[in-house]
Peer 1: 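This structure is in structure tokens; I'll ask about it shortly.
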Number of protein chains: 2
Amino acid sequence: MEMNHTLLKDHIGFTASTTSKMIRGLVNTTLKPFGITAEQWTVLKHLSFVSHINQKDLSKRTDKDQATLTKILDLLEQHRLAARLPNPDDRRSYFVEITEQGKKLVEEAMPLIESLYDDILLNLSSEQVETFMNTLQQIQSNIKKLK
Amino acid sequence: MEMNHTLLKDHIGFTASTTSKMIRGLVNTTLKPFGITAEQWTVLKHLSFVSHINQKDLSKRTDKDQATLTKILDLLEQHRLAARLPNPDDRRSYFVEITEQGKKLVEEAMPLIESLYDDILLNLSSEQVETFMNTLQQIQSNIKKLK
DNA sequence: CTAAATTAGTTTGTATACAAATTATATTTA
DNA sequence: TAAATATAATTTGTATACAAACTAATTTAG
């Protein structure tokens, strides 16, 4: 595809965004039978790795705004997949925990998500995947320096 | 960073998503003085390339859902940056056009966006950028085959 | 030529992103 | 220790993503 230099650069932002959307769409489709979204999965999966965590830290680890995380946790709690428990040492915050039901969901969905990523990365060599990750991280590093 | 194979693959989706968000955030900051968002910019820029276009085609080219595009165009129209004109040949659709004010905004903002992408891609060789784009497109191609 | 099917765009409803204001609680400082 | 400051979480308001229902107009089939 012919394209001048500037437009090509700009196009990278666009393609990164469309690709990201496509991956999210696929994850959403895979998780639909479980009744949760890709974003809720991100949060629930992180909860499955820790005994408990407060929302501030969870929001950093999952790259969710605190306000957004509040809504996501509301939904996870409604579906009995996670719970906010009182933190006895600081009444402003909660111990957020995954429930047994949440653990069961993660166990069942995890293989599907793993196989989905196998499919997404089909035909990509591990070297190409590594280079790709490095580029993403360099872009992130460049952006951080701009602030 | 140590990480098992599966988690690394999964991490690619996460990193692609965070990077995409960071780029969008930077574009939003750059466009804030102009009173438009990154998504509105995507649409307005495409309008600056054509004399007119219907919403169906515009939604495909900008990777916006038709419902989403409706709202974005409402905002662009409110700000007098774009206009919906009647299509004499098909009364279901519109000729969507950029206004003079819209063209002026694109002219003024374009150099800032260009320089922003220069900054984002700093220290990346053109070969690395090309490889990156190829990987994104291969991922997209893999996902399309899954449907 | 009319009924059925299709298409362009909008609307509605739910979820997420994010900035800004708010509340309740903790911590710091004067 | 009381007042000022900081922090965790929520709320509010606006924008976007997307599925599903809907409207109006066009096209196709019979």
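Chain A is the first sequence line, chain B the second, and so forth, proteins listed ahead of strands; every chain is numbered from 1. Computed over heavy atoms, backbone and side chain alike; hydrogens, waters and symmetry mates excluded.
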Peer 1: Quick one: does any side-chain atom of S20(B) pair with a main-chain N or O of A16(B) as donor and acceptor, under 3.5 Å?
Peer 2: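 Checking the backbone N and O of A16(B) against the side chain of S20(B), no donor-acceptor pair under 3.5 Å is found.
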
Peer 1: With the threshold set at under 4.0 Å for non-hydrogen atoms, list the residues of residues 52-59 of chain B touching DNA chain D in residue-number order.
Peer 2: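 Correct list: empty, so none.
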
Peer 1: So, the side chain of N142(B) versus the backbone of L122(A): is there a donor-acceptor pair under 3.5 Å, distance only?
Peer 2: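 Side chain of N142(B) to backbone of L122(A), a donor-acceptor pair under 3.5 Å: yes, one is there.
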
Peer 1: Applying ring-ring contact (aromatic ring centres under 6.0 Å, His included), which residue pairs with at least one partner in residues 126-145 of chain A are found, sequence neighbours left out?
Peer 2: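 For residues 126-145 of chain A: F132(A)-F132(B).
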
Peer 1: Backbone N or O of I12(B) within a donor-acceptor pair of the T15(B) side chain at under 3.5 Å?
Peer 2: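 A pair under 3.5 Å: no.
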
Peer 1: Among residues 84-98 of chain B, which residues get a heavy atom nearer than 4.0 Å to DNA chain D?
Peer 2: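 Result for residues 84-98 of chain B: D90(B), R91(B), R92(B), sorted by number.
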
Peer 1: Who are the ring pair (Phe, Tyr, Trp, His ring centres under 6.0 Å) partners of F95(B), not counting sequence neighbours?
Peer 2: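 Partners of F95(B) under the ring pair (Phe, Tyr, Trp, His ring centres under 6.0 Å) test: H52(B).
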
Peer 1: Does anything in residues 63-74 of chain B come within less than 4.0 Å of DNA chain C? Heavy atoms only, and list the residues if so.
Peer 2: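 Output list: Q66(B), A67(B), T70(B).
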
Peer 1: Under 3.5 Å, sequence neighbours excluded: what are the donor-acceptor pairs made by side chains of residues 63-73 of chain B?
Peer 2:
from	atom 1	to	atom 2	distance (Å)
D63(B)	OD2	K21(A)	NZ	3.2
D65(B)	OD2	A67(B)	N	2.8
T70(B)	OG1	Q66(B)	O	3.1

Peer 1: Over all heavy atoms of both residues, which pair between V106(A) and S48(A) is shortest? Give the atoms and the distance, please.
Peer 2: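 In this case the closest contact between V106(A) and S48(A) is CG1-OG, 4.0 Å.
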
Peer 1: Can you give me every donor-acceptor pair (side chain of residues 76-83 of chain A, partner residue at least two apart or in another chain, under 3.5 Å) with its distance?
Peer 2:
from	atom 1	to	atom 2	distance (Å)
E77(A)	OE1	R84(A)	NH1	2.8
E77(A)	OE2	R84(A)	N	2.8
H79(A)	ND1	L75(A)	O	2.9
R80(A)	NH1	E77(A)	O	3.1

Peer 1: Go through residues 14-38 of chain B and report each residue with a non-hydrogen atom lying under 4.0 Å from DNA chain C, sorted by number.
Peer 2: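 Heavy-atom cutoff 4.0 Å gives K21(B), R24(B).
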
Peer 1: Using the test salt bridge (Lys or Arg N to Asp or Glu O under 4.0 Å), find all partners of E107(B) that sit at least two apart in sequence or belong to another chain.
Peer 2: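 If we apply the salt bridge (Lys or Arg N to Asp or Glu O under 4.0 Å) test to E107(B), skipping adjacent residues, there are no hits.
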
Peer 1: Quick one: how far along DNA chain D does chain A reach, first to last nucleotide 5' to 3', anything under 4.0 Å to a heavy atom?
Peer 2: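 The footprint of chain A covers dT7(D) to dC18(D).
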
Peer 1: If I compare all heavy atoms of L44(B) with all of G102(B), which pair ends up nearest, and what's the gap?
Peer 2: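 Nearest heavy atoms, L44(B) then G102(B): CD2-O, 4.1 Å.
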
Peer 1: Quick one: list whatever passes ring pair (Phe, Tyr, Trp, His ring centres under 6.0 Å) with F34(A), sequence neighbours left out.
Peer 2: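 F34(A) satisfies ring pair (Phe, Tyr, Trp, His ring centres under 6.0 Å) with no other residue.
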
Peer 1: Which residues pass the salt bridge (Lys or Arg N to Asp or Glu O under 4.0 Å) test with K56(B), sequence neighbours left out?
Peer 2: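 In terms of salt bridge (Lys or Arg N to Asp or Glu O under 4.0 Å), with neighbours along the sequence ignored, K56(B) is linked to no residue.
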
Peer 1: With a 3.5 Å distance limit and no angle check, can you tell me whether T30(B) reaches the backbone of L26(B) through a side-chain donor-acceptor pair?
Peer 2: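 Indeed, once roles are kept as given, a pair shorter than 3.5 Å links the two residues.
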
Peer 1: Is there a donor-acceptor pair under 3.5 Å between the side chain of S17(A) and the backbone N or O of G13(A)?
Peer 2: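 Such a contact is absent between S17(A) side chain and G13(A) backbone.
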
Peer 1: Mark yes or no for whether S141(B), through its side chain, and Q137(B), through its backbone, hold a donor-acceptor pair below 3.5 Å.
Peer 2: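 Checking the backbone N and O of Q137(B) against the side chain of S141(B), no donor-acceptor pair under 3.5 Å is found.
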
